[in-house]
Amino acid sequence: MEKKLAVDNLKISFRTSNGKVQAVRNVSFDLYKGETLAIVGESGSGKSVTSRAILGILANNAIVESGKIVYDGQDLLKIDEESFHKIRGDKIAMIFQDPMSSLNPIMRVGKQLTEAMLLKNKARRRESRKTFNKYAAVLLQNMNEATALGKSKASVEENKKLIHDFNKFEIRHIHLEADYNVCREACRNAIAAIEDLLFEIEKNAVSNLVVSCNEIAGYAVHTIGKFVVEDLSFREEIKQFKRDYHAAAKKKDYSVVRKDLEAMLKRLSEAFAKEQPNFFGLGFYLEFVGKEIPDMPISELNAYTHKILDEKFMLHFIEVARIALENSALKSFDAKKQAIEVLKQYLPVFEKEQLDRKEGENAIKQMNAAVRLTIDPLVLLKDSRSYIFESSMKSGLEKYFRQIQKNESEVKRFEKQSQKRAALVAKGKEPDWQLIPADVIDLEVLRAELTDTVKELISSYEQSVNCGFQSIKEETVVQVVDFLKEKASGAVYRVTKDMAKTKALALMKEVGIPDVRKRFRQYPFEFSGGMRQRIVIAIALSADPDILICDEPTTALDVTIQAQILELINKIKAQRDLSVIFITHDLGVVANMADKIAVMYAGKIVESGTADDVFYDPRHPYTWALLSSMPDLDTNEKLEAIPGTPPNMIYPPKGDAFAERNKYAMQIDFEMQPPMFTISETHSAATWLLHPDAPKVQPPKIVTERIERMKRAGGEQNG
């Protein structure tokens, strides 16, 4: 399964006037394609801070003390704002708790939807062209290297022509498809508008015939084009339709207009149902073979142009590109062998008891030079460890030396405050302020982070080398061709206002908003809370993101609407194969939608596992407490509130942060933080109750009975 996001050892604090608040403490998790990860915990547990760090929207007083957030081979904590702008809202989208915080109250919702698409389209065109040109240049370079080494029979001139011709006919293909899409979208709009007006005529509820018919006529004109409405006589029908509806508006007799609309609907529906051409093959044909499109049925035309494309270009291109990809992959493979030696050579620099800054900087420079050579620029799935190695090592080394000074400063500050407090106590005065513990980090831990980064990369490279070099298969080249087609399409595909409106209406339908044409022109205040949240979801989906972060999206809604929104998110995730991070304080909300659950408390993940692990075999007392406070329609038992309040994270507890509220706490819970104990391959929890020497403690009765009811209900549903 493809990993979409990796959060590793994330630690975030906030500067406040009272001291530093430790909001997120060493949080790690992975998110895979098509998976829903639920992060559950009380307010202040660090859930939302973690999600905002992923999106790069932390408050100004936030301090990212350590960790990595890796997406698409990039550490999101180390990229600049310009790079983040290409990811935020485009690749990673977010839905917030209050939909009105995401909507402009004085702008119609339709414009808010289309504006986002139009702005993103401009940015995407620039980025796609840049990516296409860069990838094509590297591919050509490797084609030429393969020719020079005698691996390829194609000449340098032939290689250059292959790339040039691919670019040329691909642009022709995209322009053909773009023109077709304009006609087809106009056809879709016209059909929808005609159906709406026919319904109004049938119900005798026509509000403004001329306005509606003008809209239909405008759409209908733009449907005329190759492969959609090809009969030019349709123009005369549209002109007659205009004369008829103006006359009908005066007489209030819609019978003639109704016949015109029914005839147009039949013609447009047939046009919309036509088989779509293969514009990739057709683009090559028109650019290099013939000047006119052959007159034959679409199915025959597609087969004909596809055959010509293969025979005259594509089969040869795939073979030359395969050799080029193999040449690039072999360079990367050999570079890994060299990099292993370089990494091992400089690893001892970071294993010393005390690090030397200049020696460390030089080691990173030498190691990174070797690591950069291992990166295969033609591989579509990036090796994130290699990409972020330099930034991870540099930031780790800088943090080490910065912490030396900070430790000294904190020790002095703590000693000074301790002496001041002791002096006041000696005079019989009780200070009205608390002594803030020294914020000292063990330098050995920071040094270990550096060595672990190097060792993990060595291990990764050794595993790759031990598997041996893998020849490039034809399907890999086909994936590259599809990638280039996608980027070429993104470079020239211009979203017009009409196209944006069509997509916006489709998105509104997708998220379950009725009467979309009417709703499109309304303001946010004219929508209910649930409908506003659906609009926000539509805006988030408008850029077709990889990852959707839902931050308490149902908290402000009533129970019945909550269920509808949860069902909608589940449906969208399945249809679009999205990866979802769902933030909530209510464990019951995610029962039927989460694949994995991470339970957070006081900035740490205290239990993680699959939904079945957490609901049917919970191990941490905090998870028990959350389950005990979860409403259940199948019982009349009184819910158990979690006693006490979360700890003040300016003064983080020495041991388990939940100990003060945990009736099962042992002495060690107040003295040492528990490690994350492994329960199974998918399940782990940080509680001393899982230590082999700990007393055997059963979950509360309310939890065990609830588990039994859920098991029985699950058995009944499964037959």
Side-chain angles (χ1 to χ4, degrees), residues 4-31 37-72 74-98 101-102 384 388 391-392 394-396 398-399 402-403 406 439 441 446 449 536 540 543 545-553 555 579-585 598 600-605 646 648-650 652 657:
K4 300 301 296 184
L5 186 78
V7 176
D8 181 32
N9 199 34
L10 184 63
K11 186 175 181 182
I12 301 171
S13 301
F14 290 91
R15 300 184 189 89
T16 71
S17 56
N18 296 320
K20 188 175 73 172
V21 178
Q22 297 184 27
V24 175
R25 303 186 294 160
N26 306 109
V27 165
S28 298
F29 60 81
D30 295 328
L31 180 70
L37 167 68
I39 304 180
V40 185
E42 293 172 283
S43 296
S45 61
K47 316 180 298 296
S48 294
V49 174
T50 302
S51 67
R52 281 165 168 74
I54 294 170
L55 208 60
I57 54 172
L58 288 170
N60 291 333
N61 64 331
I63 313 164
V64 180
E65 300 195 42
S66 69
K68 292 180 285 190
I69 302 176
V70 181
Y71 171 77
D72 195 27
Q74 303 176 85
D75 186 349
L76 301 184
L77 297 176
K78 296 182 174 66
I79 63 176
D80 57 28
E81 181 58 26
E82 184 180 351
S83 300
F84 224 135
H85 186 67
K86 301 169 187 174
I87 296 172
R88 186 189 301 118
D90 196 357
K91 299 296 185 181
I92 305 176
M94 192 167 189
I95 304 167
F96 294 93
Q97 178 176 332
D98 179 12
S101 66
S102 305
S384 59
I388 67 172
S391 59
S392 297
K394 282 184 174 180
S395 63
E398 179 60 31
K399 183 180 176 184
R402 186 173 63 246
Q403 196 62 43
K406 190 174 181 181
D439 182 20
I441 297 178
L446 300 182
E449 288 179 3
V536 171
D546 280 341
I547 298 172
L548 183 64
I549 301 175
C550 307
D551 190 0
E552 302 267 15
T555 302
S579 302
V580 177
I581 297 177
F582 196 96
I583 310 292
T584 182
H585 64 273
M600 281 190 76
Y601 184 78
K604 294 181 74 72
I605 292 178
N648 183 347
M649 295 310 292
I650 294 177

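Heads up: numbering here begins at 1 and tracks the sequence.
- When each of Ile547, Ile54, Ile79 is tested with Ile87 by the rule side chain to side chain contact (heavy atoms under 4.5 Å, CB included), just one qualifies, namely Ile79.
- Closest non-hydrogen pair, Ala543 versus Gly89, comes out as CB-O, 3.4 Å.
- Residue-environment remark: NZ (Lys394) stays at or below the threshold of 12 foreign heavy atoms within 6.0 Å.
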Check against side-chain contact (heavy atoms from CB on, under 4.5 Å), Leu10 and Thr50: CA-CA 8 Å; Leu10 184 63; Thr50 302; 4.2 Å; yes
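- Taking 4.5 Å as the limit, every side-chain heavy atom of Leu37 sits out of range of all side-chain heavy atoms of Leu5.
- Across all non-hydrogen atoms, the minimal contact from Ile12 to Ala53 is CD1-CB, 3.6 Å.
- Side-chain N or O atoms of Asn61 include one that pairs as donor or acceptor with a backbone N or O of Arg15 at under 3.5 Å.
- The CD1 atom of Ile549 lies 5.5 Å from the OG atom of Ser51; values are rounded to the nearest 0.5 Å.
- Taken to the nearest 0.5 Å, the CZ atom of Phe84 stands 9.0 Å off from the CD atom of Gln74.
- When all heavy atoms of Gly67 and Lys78 are compared, the pair lying nearest together is O-NZ, 3.9 Å.
- Residues Val49 and Leu58 form a side-chain contact, since some pair of their non-hydrogen atoms from C-beta on lies under 4.5 Å apart.
- From Ile92, atom CD1 reaches atom NZ of Lys4 across 9.5 Å, with rounding to the nearest 0.5 Å.
- Nearest heavy atom pair, residue Val536 against residue Ile95, reads CG1-CG2, 4.0 Å.
- Residues Pro646 and Tyr601 share a closest heavy-atom pair of CA-OH, 3.5 Å.
- Using a distance-only test at 3.5 Å, with no hydrogens or angles considered, no donor-acceptor pair links the side chain of Lys91 to the main chain of Lys86.
- Lys47 places no side-chain N or O within 3.5 Å of a backbone atom of Met600 that could act as its donor or acceptor partner.
- Although no hydrogens or angles enter the test, the distance criterion places no donor-acceptor pair under 3.5 Å between the side chain of Asn26 and the main chain of Asn9.
- Between Asp551 and Gln97 the shortest side-chain heavy-atom distance does not fall below 4.5 Å.
- We find the CG-OG distance between Leu77 and Ser392 to be 9.5 Å, quoted to the nearest 0.5 Å.
- Formation of a donor-acceptor pair under 3.5 Å by the Arg88 side chain with backbone atoms of Leu55 is found in this model.
- Note: Glu449 CD to Lys68 NZ = 9.0 Å, rounded to the nearest 0.5 Å.
- Here the shortest heavy-atom pairing between Pro652 and Gln22 reads CG-NE2, 3.5 Å.
- We find the OG-CZ distance between Ser395 and Arg402 to be 8.5 Å, quoted to the nearest 0.5 Å.
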